[in-house]
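Structure, as structure tokens:
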Amino acid sequence: MRITSIESKLYRVPPTIHLQDSIQRISTWEWVITTIETDAGITGTGWTYTLGMGGSAIREIINSYLAPILIGSDPHDVERIWNRCWHELHANGSGGFTTLAIAPIDIALYDILAKKADVPLYKLLGGFRDSIPAYGSGINMHLDGDPLLEHMNEYIERGFRAVKMKIGRENPEEDVERVASVRKLIGPNIKLLLDANQKWTSGDAVRRLSMLEPYDIFWLEEPIIADDIPGHSRLRQSAKTSIALGETLFTRYQFADYIRADAVDIVQADLPRVGGFTEWMKIAKLAESHHLPVAPHFCMELSVHGLCAVPNGLILEDVQGGSLTELGLLAEPYVVRDGVAVPPERAGHGIVFDEKALAAYEVKGSVTGVVPTRV
Ligand SMILES: [Mg+2]
């Protein structure tokens, strides 16, 4: 089997609801979707995303630079292809745009391999379980009082047994009040996860977390900028709560540094950001070797396969307003029911895009009208 064509397209999709955390407001989702065709008649689809910045660069890296190198390759050679792409791009950075551009290719190749094997992708990758618990994840920093409680209550009514909310207000008392009100609403038996989106210094984080720990926090996510490994080590020495991070790390080397520094409890490697399944599986196994669970960030349609493939899969993130189904991009919806995610049954990753819906969002040339995300 040989690759006969690789084509990537960029789609800029407006959010369906207001999405805001402690550092940014999402005004546009960008999806770069790559289609790989083979001489065996099997086609694979992969994708990557941004929070509105850089999508056209990723499209061009794939179409202009990587695709010509890879035409004629055997899709089975996922390691060879991943490494070839990574070394070609490495002078531009070890991770980030490098891994974001490799991801759709790698994901499409795994889609092809699972289709050829006629199994759902998670079985090809390891097949540890057939379902995984999910949590409702709210990008709800702007909500207080009744609107916040109504939003969190929707997750409970849909059957989720774990929920996440955004924190990181300027006034720490406001975070405490919001968290206390949500804990009171959900009672003692629902897991409550908090996400500060890298807002604090390590000193802030120690102080802020001590104020929040009375509310039985299952994990605190990204308390400090992801580049500060010693800061996370310091926080972990005083924290009783698990520290989750990894959505802003891009290579297995960064995860290895965190693990060596005893600076992380829950590994949240994001499938597109680390370069697809080839790299994600290595990170998951690195974590497993250190008795750490994985709970990948975002992209639940892909993450469900990773989580069901490995023994140390913990929980799936179902981001409010962030699923391909909610954005109206799929031909068949993929949703979490009763708080448990089940991978699609069909061979491959099982996700089929609605080409007509996508076409409305395609940007063929340069991107215009960019809105900054930082608040
Ligand atoms: Mg997060």
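For the numbers below, each heavy atom of this structure counts, side chains included, while hydrogens, waters and symmetry mates do not. Start at 1 with the first residue, then count along the sequence. Order of listing sets the numbers, starting from 1, for every ligand and every atom in it.
- By the 4.5 Å heavy-atom criterion applied to side chains, Ile229 and Tyr258 are counted as neighbours.
- Taking the six-membered ring where tryptophan is involved, the planes of His297 and Tyr49 are tilted, since the angle between them lies from 30° to 60°.
- Among the candidates Lys164, Lys199, Lys166, the single residue satisfying the salt bridge (Lys or Arg N to Asp or Glu O under 4.0 Å) test with Glu221 is Lys164.
- Note on the Mg ion (ligand 1): protein N/O/S atoms under 2.8 Å are Asp195 OD2, Glu221 OE2, Glu247 OE1.
- Of the possible donor and acceptor atoms, none in the side chain of Arg337 sits under 3.5 Å from a partner among the backbone N and O of Ala341.
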Item to complete: Take His151 and Gln320 through the test side-chain contact (heavy atoms from CB on, under 4.5 Å) and record every step on the way to the result.
Response: CA-CA 10 Å; His151 165 48; Gln320 171 206 28; 3.1 Å; yes
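- Side-chain atoms of Glu37 and Thr4 form no donor-acceptor pair, as typed in the model, at a separation below 3.5 Å.
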